[in-house]
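Letters go in sequence order (proteins before strands), and every chain restarts at 1. Because the structure is a prediction, the values reported are computed rather than measured.
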Protein chains: 2
Amino acid sequence: MDETRWLNSDEDRAWRGYRRLSLLLGRQLARDLAADSQLSEADYDVLSNLGETPGGRIRLTDLAAHMRWSPSRLSHQVARMRQRGLVTRETSPDDGRGSVIVLSDEGRRTIEAAAPRHVESVRRHFIDLLTPAQVQALAALSDTVVEHLVKAESE
Amino acid sequence: MDETRWLNSDEDRAWRGYRRLSLLLGRQLARDLAADSQLSEADYDVLSNLGETPGGRIRLTDLAAHMRWSPSRLSHQVARMRQRGLVTRETSPDDGRGSVIVLSDEGRRTIEAAAPRHVESVRRHFIDLLTPAQVQALAALSDTVVEHLVKAESE
DNA sequence: ACACTCTAGTTGACATGTCACATACTTGGC
DNA sequence: GCCAAGTATGTGACATGTCAACTAGAGTGT
C-alpha cells in the first residue's frame, strides 16, 4: 500500500469549499424554486430540458442520456410530474417499447413562469458574486472534470 | 416586472458546467465510497467530522452547526449510524436535553480505513485534474459564495 | 417462423432529506 | 420556587434517488 497523498493546504481549502458551496447552493436554490414556483430542482431541470426540445417531446431514454440521469430516475420523476399534469406520456409510434415524454401546456406555462425567477436566484446566490474571470475559470475547470467523469462512467 | 437578465454565453457555460460537475462528481464519489468502504457520503462526513473532534465526541447541535446540516437531518443520520455501531449517543451531563454523539471504536477504525481511499478518489476524479491555479481559483470562488450563502441562510 | 439476445421502460424496496410538530429540559423574571 | 419562552432533539409523513429484477418489444441468424 503506497503512502496516501493527503490534500495540501490549497487543495483542502478548494475541496472543502466546493463541498460546502455545493451543499448550501443546492439548498438555497431549491428553497427559492419551491417558494417561487412550487417546483423541485428535478422538476425544473426536466421541464427546462423538455422545453428546449423541438415540439416539447422526446424519448425517455434520449432525455435521460441528455441529462445524464438514469432511465429509472427519469421514469420515476416523469411519473410524479405526470400526476401533476406537467407532462404527458405517449407510446412511440416506431418502437412499441418506447415512451415519448411530452411537455403539456401547463408544463410550458409553468417553466416559462419559473425560468426568470430561477435565473434571478442563480445570479443572486452564485453567478453575480463572481468576477468574469472567475466565471470563465469555473467554466473551464468544469469542462475538464466533466469530460473525465463522463469517461469514467462509461467504463 | 423588470427585464430578465438571462445568462450570457460564459455564464451559461459556467452554470451548466457546475451543475453537471456536481451531479457526476457526487455520483462517482458516492459509488467509490460505497464500493471501497460501504459508506455513504453522509456517513463519511459525519465520521470524518467526528474524528477531528477532541475525544471523538460532540453535542449534536454543535456538530450540526459545524457541518451546516439541520439538526433533524443529523438526528436521522446518527440514528442510522448508531444501529450500525459507528457511533454512540450519550446524554449531556450539563444539559438534560442534550445528546452527545460519540465516535465508537469501530467508527474510528472505519473512518481511518476509508479516508485514504476516499482522498484517492477525490484526487483521481477531481483535484488532480486541475492545475494549481485552478485549485486556488476554486478555493477563492467557493469562499466568496459560501460566505454569501451562510449570510443568506441566517435571514 | 423461431430462438436467443438486446434494449426500453417500469416497478418495488430501501436509504436519505425536508418540513412540521411533539417533547422535555433550561432560563430569566417575578 | 413558579411560569412563560426559548432551545435541543426526536419523529412521522412524504419527496427523491439508487439498485436490482421484471416485462415487453425489436433485431438477428438459420
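Nucleic acid contact for Ala79(A): none, since no nucleic acid atom lies under 4.0 Å from a heavy atom of the residue. Counting any heavy atom pair closer than 4.0 Å across all strands shown, Arg89(B) reaches sugar-phosphate atoms only and no base atom. Nucleic acid contact for Ser75(A): base, since at least one base atom lies under 4.0 Å from a heavy atom of the residue.
In this structure, Asp45(B) and Arg19(A) have side chains that are in contact, with non-hydrogen atoms separated by less than 4.5 Å. Using a 4.5 Å cut-off on side-chain heavy atoms (C-beta onward), Asp12(A) and Asn8(A) make no contact. At least one side-chain heavy atom of Glu11(B) sits less than 4.5 Å from a side-chain heavy atom of Arg123(A).
By the 30° and 60° cut-offs, the orientation of the rings of Tyr18(A) relative to Tyr18(B) is perpendicular. Between Trp15(B) and Phe126(A), the ring planes lie perpendicular to each other; the angle is over 60°, past the 30° to 60° tilted range.
Here dC25(C) presents its P atom at 13 Å from CZ of Arg59(B), a figure rounded to the nearest Å. Atom CG of Leu63(B) is separated from atom P of dT9(D) by 10 Å (rounded to the nearest Å). Rounded to whole Å, atom P of dG17(D) lies 9 Å from atom CD of Glu41(A). In this entry the distance linking CH2 of Trp69(A) with C1' of dG17(D) reads 9 Å, nearest Å. Atom CD in Gln38(B) sits roughly 17 Å away from atom C1' in dC14(C) (whole-Å rounding). Between the CG atom of Leu74(A) and the C1' atom of dT18(D) there is a distance of 14 Å, given to the nearest Å. At whole-Å resolution of the value, CG in Leu60(B) and P in dA24(C) are 18 Å apart. We find that CD1 of Ile58(B) is positioned 10 Å from P of dT9(D), with the value rounded to whole Å.
When the nucleotides dT9(D), dG10(D), dT16(D) are ranked by their closest atom to the side chain of Ser40(A), dT16(D) comes out on top.
Side-chain polar atoms of Gln77(A) and Asp43(A) form a donor-acceptor pair below 3.5 angstrom.
Criterion: ILVMFWY side-chain heavy atoms under 4.5 Å apart, direct or through other members. Under it, Val100(A) and Leu63(A) are not part of a common hydrophobic cluster.
At least one side-chain nitrogen or oxygen of Arg80(B) sits closer than 4.0 Å to the OP1 or OP2 atom of dT16(C). In this structure, Arg27(B) does not reach the dG17(D) phosphate: none of its side-chain N or O atoms is under 4.0 Å from OP1 or OP2. For the pair Ser99(A) and dT10(C), the criterion of a side-chain N or O lying under 4.0 Å from OP1 or OP2 is met. Remark: Gln77(A) is in phosphate contact with dG17(D), judged by side-chain N or O atoms under 4.0 Å from OP1 or OP2.
With rounding to the nearest 0.5 angstrom, the CG atom of Leu129(B) is 7.5 Å from the OG1 atom of Thr144(A). The line from CG of Leu50(B) to CE of Met67(B) is 9.0 Å long, rounded to the nearest 0.5 Å.
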Under 3.5 Å between N/O atoms: give me all the protein pairs with nucleotides 19-23 of chain D, atom names plus distance.
residue, atom, partner, partner atom, Å
dC19(D), N4, Ser72(A), OG, 2.8

Scan nucleotides 26-29 of chain C against the protein and return all N/O pairs shorter than 3.5 Å with their distances rounded to 0.1 Å.
residue, atom, partner, partner atom, Å
dT26(C), OP1, Gly96(B), N, 2.9

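Considering only residues two or more places apart in sequence or on other chains, Val150(A) meets the side-chain contact (heavy atoms from CB on, under 4.5 Å) condition with Arg68(A), Val146(A), Leu24(B).
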